[in-house]
Amino acid sequence: MRYDLVVFDNDGVLVDSESISNRLLAAYLTELGHPTTYEDSIRDYMGSAMHRIHDLVLERSGQRLPADFDDVFHARVFAAFERELRPVAGATGVLEKLAADGVPYCVASSGSHERIRVGHRATGLDRWFDDARIFSAQDVGKGKPAPDLFLYAAERMGVAPERCVVVEDSPLGVRAAVAAGMDVYGFTAMTPAAKLAGATGLFADMGELADLLR
């Protein structure tokens, strides 16, 4: 393995949640008077922390989202996760391979700690991630595309940034990894390859990842 740490994004990389959360986000923003399509949500918010949603809505409309926006949105998402969420195809196999080979790995997500854990429990991925392997934008206060989260995860895992590789599926995540000085492989299952420009490499099937990291 060329790397000492594999850092996974969560939504869309480990858990197949992007279609669920962006469908619900578009519907909720529209309900609040900010017309948003599913495609708009994917384009503008995929891979971002909650503060980016607030910032963009305020910038575009001059209106602030309700104080309980995050709580209401997360309640809807978590309920849908319990009904619909599945692991990304091939993700379990990758984690099994890394664990068997003794390769350190972690997750660094724009989502909250609660969102990460709810998704992992719903999909059975919680067996692969104890608390020491989970990092959230909540830990640093500034989400992707800032490099802060990836740098924090590397520091906590005791690995220099240049020895880390990130697995991402969003343009914001790729930008954050590059800014952190890390290699990054872009997962194109939901995101057009052209939007992940700047990635070290691209792949469309999670089953390809282990070989790419060697």
Fill in: Test salt bridge (Lys or Arg N to Asp or Glu O under 4.0 Å) applied to Arg23 - qualifying residues, sequence neighbours left out
Glu84
List the atom pairs, with distances to 0.1 Å, where a side-chain N or O of residues 54-61 and a protein N or O form a donor-acceptor pair under 3.5 Å, not counting sequence neighbours.
from: His54; atom 1: NE2; to: Asp70; atom 2: OD1; distance (Å): 2.7
from: Arg60; atom 1: NH1; to: Asp44; atom 2: OD2; distance (Å): 2.9
from: Arg60; atom 1: NH2; to: Asp44; atom 2: OD2; distance (Å): 3.4
from: Ser61; atom 1: OG; to: Val57; atom 2: O; distance (Å): 2.7
from: Ser61; atom 1: OG; to: Gln63; atom 2: N; distance (Å): 3.1

Worksheet item: Can you name the closest pair of heavy atoms from Ala49 and Ala137 and give their distance?
Response: CB-CB, 4.2 Å
Worksheet item: Can you tell if the side chain of Val7 reaches within under 4.5 Å of the side chain of Met157, non-hydrogen atoms only?
Response: no
Fill in: Where at least one partner belongs to residues 109-119, residue pairs that pass salt bridge (Lys or Arg N to Asp or Glu O under 4.0 Å), sequence neighbours excluded
Asp11-Arg115, Arg117-Asp131
Item to complete: Compare all side-chain heavy atoms of Asp183 with those of Cys164 and state whether any distance is below 4.5 angstrom.
Response: no
Worksheet, complete the sentence: What one should report as the nearest heavy-atom pair of Ile20 and Ala80 is CG2-CB, 3.6 Å
Fill in: Contact list for residues 187-212, test side-chain hydrogen bond (donor to acceptor under 3.5 Å, both in side chains), sequence neighbours left out
none
Response to the item:
Residues passing the salt bridge (Lys or Arg N to Asp or Glu O under 4.0 Å) test with Arg86, sequence neighbours excluded, are none
Practice prompt. For Ala180, check side-chain contact (heavy atoms from CB on, under 4.5 Å) against everything at least two apart and list the hits.
Written response: Pro147, Phe150, Leu151, Met182
Discussion item. Between Leu29 and Phe69, is there a side-chain heavy-atom distance shorter than 4.5 Å?
Written reply: yes
Worksheet item: Between Val166 and Asp9, is any pair of side-chain heavy atoms under 4.5 Å apart?
Response: no
Worksheet entry | Distance (rounded to the nearest 0.5 Å) between Arg43 CZ and Asp40 CG | 4.5 Å
Worksheet item: Below 4.5 Å, heavy atoms only, C-beta onward: do Asp101 and Arg214 meet side chain to side chain?
Response: yes
Worksheet item: Just how far is it from atom OG of Ser41 to atom CG of Leu24, taken to the nearest 0.5 Å?
Response: 9.5 Å
Worksheet item: Mind checking what makes salt bridge (Lys or Arg N to Asp or Glu O under 4.0 Å) contact with Arg163, not counting sequence neighbours?
Response: Asp4
Worksheet entry | Asp169: partners by salt bridge (Lys or Arg N to Asp or Glu O under 4.0 Å), with sequence neighbours left out | none
Item to complete: Looking only at non-hydrogen atoms, find the nearest pair between Val184 and Ala177 and report the distance.
Response: CB-CB, 3.6 Å
Worksheet item: Has Arg76 got its NZ or CZ under 6.0 Å from the middle of the six-membered ring of Tyr28, at an angle within 45 degrees of the ring axis?
Response: yes
Fill in: Straight-line distance of His34 NE2 to Ile53 CD1, nearest 0.5 Å
12.0 Å
Worksheet item: Taking atom CZ of Arg64 as the centre, does the number of heavy atoms from other residues, nucleotides or ligands within less than 6.0 Å exceed 12?
Response: no
Item to complete: Determine, using the 4.5 Å side-chain heavy-atom cutoff (strictly less than), whether Leu149 and Val167 are members of one ILVMFWY cluster.
Response: no
Item to complete: Check the pair Thr36 / Thr30 against side chain to side chain contact (heavy atoms under 4.5 Å, CB included), numbers first and verdict last.
Response: CA-CA 5 Å; Thr36 305; Thr30 300; 4.0 Å; yes
Fill in: Hydrophobic cluster identity match, Val107 and Leu172, side-chain contacts under 4.5 Å
no
Worksheet, complete the sentence: Separation between OG (Ser17) and CG (Asn22), nearest 0.5 Å, reads 8.5 Å
Fill in: Hydrophobic cluster membership, Leu125 vs Leu209, 4.5 Å side-chain cutoff
yes
Worksheet item: Do Trp128 and Leu85 belong to the same hydrophobic cluster, where Ile, Leu, Val, Met, Phe, Trp and Tyr are linked whenever their side-chain heavy atoms lie under 4.5 Å apart, directly or via other members?
Response: yes
Worksheet item: Judged by modelled atom types alone, do Ser136 and Asp139 share a side-chain donor-acceptor pair under 3.5 Å?
Response: no
Worksheet item: If you take all heavy atoms of Gln138 and His113, which pair is closest and at what distance?
Response: OE1-N, 2.9 Å
Discussion item. Could you see if Val103 belongs to whatever hydrophobic cluster contains Tyr185? Use Ile, Leu, Val, Met, Phe, Trp, Tyr and a side-chain cutoff under 4.5 Å.
Written reply: yes
Response to the item:
Here the pair of heavy atoms bringing Pro145 nearest to Arg175 is CG-NH2, 3.5 Å
Worksheet item: Between atom OG of Ser110 and atom OH of Tyr45, what is the distance when rounded to the nearest 0.5 Å?
Response: 14.5 Å
Worksheet item: Heavy atoms, side chains only, cut-off 4.5 Å: are Val159 and Tyr3 in contact?
Response: no
Practice prompt. Could you identify which residues cluster with Tyr38, counting Ile, Leu, Val, Met, Phe, Trp and Tyr as linked when any side-chain heavy atoms lie under 4.5 Å apart, either directly or through a chain of such contacts?
Written response: Ile42, Met46, Met190
Discussion item. Tell me every residue that passes side-chain contact (heavy atoms from CB on, under 4.5 Å) with Arg133, counting only those two or more places apart in sequence or in another chain.
Written reply: Tyr105, Cys106, Phe129, Asp130
Worksheet entry | Test item: Arg2 side-chain N/O and Leu212 main-chain N/O as donor-acceptor pair under 3.5 Å | yes
Fill in: Within residues 189-214 or reaching into it, pairs that qualify as ring pair (Phe, Tyr, Trp, His ring centres under 6.0 Å) - sequence neighbours excluded
Phe187-Phe203
Worksheet item: How far apart are the closest heavy atoms of Pro66 and Leu32, and which atoms are they?
Response: CD-CD1, 3.9 Å
Item to complete: Starting at CD of Glu155, measure out to CZ of Phe135 and round the result to the nearest 0.5 Å.
Response: 10.0 Å
List the atom pairs, donor and acceptor, that lie under 3.5 Å between side-chain atoms in residues 90-98 and the rest of the protein, sequence neighbours left out.
none

Discussion item. Counting C-beta onward and ignoring hydrogens, is there a side-chain heavy-atom pair between Leu14 and Val88 closer than 4.5 Å?
Written reply: no
Worksheet item: With a 4.5 Å heavy-atom cut-off, do Val118 and Glu82 have their side chains touching?
Response: yes
